[in-house]
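Reading through the structure tokens given below for one structure.
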Amino acid sequence: FINGVENDLDRFSGSFEGRVENRNKDLVDISVGGRWGYNINKYSVNAENNQNYFDQNYFGEWTVTPGSTFMFRTSMNYTIYSEQDFSDRIDVPIWNASLSYYFLKNKKGELKVSAFDILNRNIGISRNSNLNYISNEEILSLGRYVLLSFNYAIAGFKKDEGRDVMIRR
């Protein structure tokens, strides 16, 4: 009810995602795709509150493993929030990259340098529509940063009474 008048809301939403990947991943692994979503909010009272919005997301990841010692990975995630009554169009490109070096016996040790949000454009967006309101929330997130990490793959467990432990990197 809005100001004592019954208000029916019809909400429809849908999305579609497509992805293409290469099959031979020994040296190069590539994945690209997109996700498209559409939302319709229709009110029986106050048609000026009706909202239709379209959001798009495009993504890609590229990994190169030239041998057993190094691995380079980069990814891009580009999200487009369409223009609405509550917000202008917002484009959010997020680019990440990392370089790994494997060492120690059986390449169990990994030293990795990762760069996150290289373009320094990270922002959190949340759009919601509920019974009698529509909200758009923008959150400033942690921006560009670099991380140095060390990982050790624990392996070599013995099989014991039918239990099998597998560790995958």
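Just so you know, residue 1 is the first one in the sequence shown, and it goes up from there. The analysis underlying the following values was restricted to heavy atoms, covering all of them including side chains, and did not include hydrogens, waters or symmetry mates.
For Thr65, there are no side chain to side chain donor-acceptor pair (under 3.5 Å) partners, not counting sequence neighbours. Remark: Ser98 pairs with no residue by the side chain to side chain donor-acceptor pair (under 3.5 Å) rule, at least two apart or across chains. Every residue two or more places apart in sequence or in another chain that forms a side chain to side chain donor-acceptor pair (under 3.5 Å) with Ser15 is listed here: Arg35. Remark: Phe70 engages Tyr101 in a ring-ring contact (aromatic ring centres under 6.0 Å, His included) (not counting sequence neighbours). Remark: Tyr78 pairs with no residue by the ring-ring contact (aromatic ring centres under 6.0 Å, His included) rule, at least two apart or across chains. Legend: residues meeting side chain to side chain donor-acceptor pair (under 3.5 Å) with Ser44, ordered by chain and number and at least two apart, are Asn7. Qualifying side-chain contact (heavy atoms from CB on, under 4.5 Å) partners for Ser13, counting only residues two or more places apart in sequence or in other chains: Asn39. Ser82 meets the side-chain contact (heavy atoms from CB on, under 4.5 Å) test with Tyr53, Phe54, Asp55, Gln84, Arg127; sequence neighbours excluded. Partners of Lys42 under the salt bridge (charged side-chain N to carboxylate O under 4.0 Å, His left out) rule, at least two apart in sequence or in another chain, do not exist in this structure. Partners of Arg89 according to the side-chain contact (heavy atoms from CB on, under 4.5 Å) rule, which considers only residues two or more places apart in sequence or in another chain, are Ile80, Glu83, Asp91.
Remark: Phe150 CZ is packed, more than 12 non-hydrogen atoms of other residues, nucleotides or ligands lying under 6.0 Å away.
Clustering ILVMFWY residues whenever any of their side-chain heavy atoms sit less than 4.5 angstrom apart, transitively, puts Phe12 in the very cluster that holds Trp36. Under the 4.5 Å side-chain heavy-atom criterion for Ile, Leu, Val, Met, Phe, Trp and Tyr, Val92 and Ile139 are members of distinct hydrophobic clusters. Under the 4.5 Å side-chain heavy-atom criterion for grouping Ile, Leu, Val, Met, Phe, Trp and Tyr, Tyr58 is connected to Phe16 within one hydrophobic cluster. Hydrophobic clustering of Ile, Leu, Val, Met, Phe, Trp and Tyr side chains at less than 4.5 Å, counting indirect connections, unites Val28 with Phe72. Both Ile154 and Phe103 are members of a single hydrophobic cluster when ILVMFWY side chains are connected at heavy-atom separations under 4.5 Å.
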Which atom pairs, donor and acceptor, lie under 3.5 Å between side-chain atoms of residues 112-120 and protein residues at least two apart or in another chain?
unit_1: Asp117; atom_1: OD1; unit_2: Asn120; atom_2: N; d: 3.3
unit_1: Asp117; atom_1: OD1; unit_2: Arg121; atom_2: N; d: 3.0
unit_1: Asp117; atom_1: OD2; unit_2: Arg121; atom_2: N; d: 3.3
unit_1: Asp117; atom_1: OD2; unit_2: Asn122; atom_2: N; d: 2.9
unit_1: Asn120; atom_1: OD1; unit_2: Arg144; atom_2: N; d: 3.0

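Applying the under-4.5 Å side-chain rule to Ile, Leu, Val, Met, Phe, Trp and Tyr, the cluster around Val5 extends to Val45.
Considering CG of Asp29 and CE of Met71, their distance stands at 10.0 Å, rounded to 0.5 Å. With rounding to the nearest 0.5 Å, the separation of OG1 in Thr63 from CG in Asn22 is 9.5 Å. Here CG of Leu111 is found 15.0 Å from OH of Tyr152. Values are rounded to the nearest 0.5 Å.
Here the closest heavy-atom approach between residue Thr79 and residue Asn57 is recorded as OG1-ND2, 2.6 Å.
You'll find the side chain of Arg11 stays beyond 4.5 Å of the side chain of Ile40, heavy atoms only.
Under the 4.0 Å criterion applied to side-chain N and carboxylate O atoms, Glu17 and Arg19 are assigned as salt-bridge partners.
In summary, the side chains of Asn50 and Asn41 do not present any donor paired with an acceptor at a separation below 3.5 Å, with no hydrogens or angles considered. Side-chain atoms of Trp62 and Ser75 include no donor-acceptor pair closer than 3.5 Å. Under 3.5 Å, the side chains of Glu61 and Ser31 contain no donor-acceptor pair of N or O atoms.
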